[in-house]
Number of protein chains: 2
Amino acid sequence: MLGGMQDFELRVPRLIEHAAREHGRREIVSRWADGSETRTDWAGIERDARRLSQALVRLGCGPGDRVATLAMNHAHHLAAWYGATGMGGVIHTINPRLFDDQLVYIANHAEDRVLLYDRMFQPIVDRLRDRWTTIEHYVVMDGEGEGSFRALVDAQDGDFAWVEGPERDPCMLCYTSGTTGNPKGVLYTHRSSVIHALAEVQPAVFDLDTRAVVLPIVPMFHAAAWGLPFAGAVAGCKFVFSTVNEPALLCDLMNRERVTHSAGVPTVWLGMFAHMDATGVAPKHLELVTIGGSAAPRAMIERIMRMGVRVNHAWGMTETSPIGTMGARSPDWDDLTFDQQVDQVAMQGRVPFGVQLRVVDEEGAELPRDGQSSGRLQCRGPWIVQRYFKAEEVSVDADNWFDTGDVALLHPDGTMQITDRAKDVIKSGGEWISSVELENAAVGCPGVAEAAAIGVHHPRWDERPLLLVVRKPGASVTAAEIAAHLAQHVAKWWLPDEVLFVDELPHTATGKLLKTALRERYKNHQLAA
Amino acid sequence: MLGGMQDFELRVPRLIEHAAREHGRREIVSRWADGSETRTDWAGIERDARRLSQALVRLGCGPGDRVATLAMNHAHHLAAWYGATGMGGVIHTINPRLFDDQLVYIANHAEDRVLLYDRMFQPIVDRLRDRWTTIEHYVVMDGEGEGSFRALVDAQDGDFAWVEGPERDPCMLCYTSGTTGNPKGVLYTHRSSVIHALAEVQPAVFDLDTRAVVLPIVPMFHAAAWGLPFAGAVAGCKFVFSTVNEPALLCDLMNRERVTHSAGVPTVWLGMFAHMDATGVAPKHLELVTIGGSAAPRAMIERIMRMGVRVNHAWGMTETSPIGTMGARSPDWDDLTFDQQVDQVAMQGRVPFGVQLRVVDEEGAELPRDGQSSGRLQCRGPWIVQRYFKAEEVSVDADNWFDTGDVALLHPDGTMQITDRAKDVIKSGGEWISSVELENAAVGCPGVAEAAAIGVHHPRWDERPLLLVVRKPGASVTAAEIAAHLAQHVAKWWLPDEVLFVDELPHTATGKLLKTALRERYKNHQLAA
């Protein structure tokens, strides 16, 4: 049919162009590891991003090439996201908390060609440089001089046009640890990232406009910092970044920079509460706090709400870009009592337009939205994974349903409530620990016959691993010996808080560990560590 | 590159599915022409829409077919938007204020196959039915019984799957009157409408979530009711519709239904002020009023803001879906005095992500954003027209810039300010009147040598036409005779408020009427009518 609207590919450079053109003077504040603070703005980020694009092309990079970062939150990391995608490349944010074998696997699997890293991660680079087989160029994010981000960028003249292409081109790669095996890469596209960013600024999600002053405590290497670096460009908000997430420092930054919006996992708020209790100083300008990564305790939500601050409770995962649901206010919010309001926020909330959820039983049949029927949570939508990077098969069924590994129920009004977890993982401080990997490492220890790792509630980290071990007949292996063995195979923060010896472990009819029974048995266990 | 996110075509049925599934019980209230009020909800709208799709297919309609409406705002009109697009058709909202020749031209040019109309427009249908050459089916929107919307819809079983297809398929057609010639059709696509709707819910535009109770005073036949019927589905808000825009009635509805958001042209607020002054009764729950369609006077903005209500001042046109800019709050809003805040809102505001603006001089060279350089306003973006329906040529330059016909300047922070109009039109109550058409009709009147129509400020309608006439030598034609002549050629509301006889009219070097000089000369003219 003759006629219509303009072509406009939904590409990430459109975001930074918009922010620089319409909100160019809106500030981007960075608090660096050495304690210094710098200020730039969206125009400055665009300038750096364009020159970084230019530099990457000069280094031989082109469309589709992966540019990795090993870095905390700061202006150069933000510029790197736009610089890598601006030359048609894929920004690959590596989580520095992973252990060495994972860091090696991920960078080699991604075939990263460039690594931009913070000086604080120099030990990792020194340790793994020889094992990273594809990285050709190393750039230090902070500081100045030879080999630094500033030196690289400032050497360019900025005479560079963003590389264009189809909106379904990839733009970003984030790896996620699963229940077993190697980490899997989620490959976001320009289209998925831009639509997700547009969805995120709406009042029911992050509620962002140019007046917002946003301090994302969630790191840029964790689930794309929940999409905030892209959503912030849509809104043209002010950003305040800190490389160090120490409560006193964050609170001071929040008050000096008049931070209105913040986002992070539950653990960071526990730290903030302790700081508030000890000093009597609290963040003064906060309007909206988003908590996600793992379920926020009701008492935490209540305390923040009593400060007069709105709380949004988010659910999502790397595979969902990550916004799946947001515990936003219901139509009858003003008629609820305070306790009812807290109850509502304590659930995981509702989907924004784009995401669809369903709960299915063991046979895959859809369960009713009755507030009672619990089952496996599945989702689909334009910013949900279809196929992991380089995977031989798609990760969805014929109707695009992606199984999240969570167990949940849906209320009649669409509110989702997580009730259990089907995937065998432990969630500590918002990051996954694979139970299966821990168990496999443990049974490799002499004297161990069988082992089961389960998550046990922890006041600070939400969950921490408890390792249940059945010794081989006659063996006398100790908890310390097992811990020493594990330390050679997994990251330090994966180590179980406690090793408990038992005579036997429960199994299913087919011989698999009956984790549900174990989680039930130890649900009130007080970790010894 | 192997891997990526899910396919998800941005189609309008996704909007109604979302609203029905996630906000199914959120109410849609209609106040009908006969004074009755009905209540349904998003689930009810989806049910009606799906059955209307089914009925349209049974009537022989298919993808691409145009389904027209001649109707005010109510639940059936909303369902018609989703029903027509749900079967792959194009919803064509006809403006009943147009005069007969235009109504005939538009429906025939669109090749409308079905017309859904309100009983109040029965006289138009009776008058034009024989001249409409493509309409095969007539459906009455209100009331019940044979030939009514309810009868048609209720006869279906609802066993119908939305028709899918590429997101760049057309979904909606709106005609706009230009400076001369026939009205032109703007053909929106599923993609443009969905992206526009996503952009509209953000805080800097309509600020919509499910808590919002929205009464769009702007009619659904005027620039797609500014996109609210689609944006409302993204947000899952409550809608309150009225077929009659009488201030006392609207105020009563607003208070009974606790309306928080409203949107309309300046004229409706003048009526509301008169009602408030006369009765002492004002809307009590309003949080955000959006004024657009034509520039809102500063005093109007100030009065609404003094009621404690936020005002957004919108600029756009049918060709821009229509959101071009929105006068949202700046980062330093809280530091401004009340007067400064009013000054800010009185400008036309800033673009949301997606829209780009520039101002060019007579030679097409871009002018600086210095708050001083005034020139022709051009725009581009994913929801801006590229080619009018059935037009032989595109309406944009090689870089997609669309010339708006407005004259404006851009401030350094991106705020746009309309300063004049390049296109030869008069804007009355938010609707265009073509000066050229008026002049052409006038010179057809015996005794008229030359005529110039210009817009003169009017307290209620923003502008009204003043017709300047040079009589033929010796002629004695009167104002009444000219008015009687014009009435045969243009809509009643286009008739000049005053006809003024002059000895001569100013011309450019090439012999064209020098409208700028005339507008300057008569800018303080008090219309006699």
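This is a predicted model, so every value here is computed, not measured. So that the names make sense, note that chain A is the first sequence line, chain B the second, and so on, each numbered from 1.
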Bottom line for A/R26: the part with an atom under 4.5 Å from chain B's heavy atoms is side chain
Ordered numerically, the heavy-atom neighbours of chain B under 4.5 Å found in residues 395-403 of chain A are A/V396, A/N400, A/F402
Would you sort out whether B/L2 and A/Y388 count as a side-chain contact (heavy atoms from CB on, under 4.5 Å), showing the intermediate values? CA-CA 8 Å; B/L2 208 55; A/Y388 290 106; over 6 Å; no
Quick note, salt bridge (Lys or Arg N to Asp or Glu O under 4.0 Å) partners involving residues 187-206 of chain B, not counting sequence neighbours, are A/E167-B/R191, B/E167-B/R191
(message) I'd like to know whether B/I195 forms a side-chain contact (heavy atoms from CB on, under 4.5 Å) with A/L10, so could you lay out the CA-CA distance, the side-chain angles of the two residues, the decisive distance to 0.1 Å, and finally the verdict.
(response) CA-CA 10 Å; B/I195 296 175; A/L10 301 172; 4.0 Å; yes
Interatomic distance, CZ@A/R21 vs CG@B/L410, rounded to 0.5 Å, equals 10.5 Å
Mind running salt bridge (charged side-chain N to carboxylate O under 4.0 Å, His left out) on A/R211 and B/D334 for me, showing each step along the way? CA-CA 9 Å; A/R211 299 171 72 222; B/D334 292 334; 3.1 Å; yes
Test: B/R168 and A/D7 ion pair at under 4.0 Å | yes
Sorted by chain and number, sequence neighbours left out, side-chain hydrogen bond (donor to acceptor under 3.5 Å, both in side chains) with B/K284 holds for none
Bottom line for A/A391: the part with an atom under 4.5 Å from chain B's heavy atoms is backbone
When every non-hydrogen atom of B/S192 is compared with those of A/M5, the smallest separation belongs to OG-CG, 3.3 Å
Applying a strict 4.5 Å limit to non-hydrogen atoms, the region of A/R329 in contact with chain B is both
Contacts of A/E257 meeting side-chain hydrogen bond (donor to acceptor under 3.5 Å, both in side chains) (sequence neighbours excluded), chain-then-number -> A/R39, A/K238
Heavy-atom nearest pair, B/L187 first then A/G3, reads CD2-O, 3.8 Å
Bottom line for A/V355: the part with an atom under 4.5 Å from chain B's heavy atoms is backbone
Okay, A/D207 and chain B: the region with an atom under 4.5 Å from a heavy atom over there is both
So, the part of A/L208 with a heavy atom under 4.5 Å from chain B: the answer is backbone
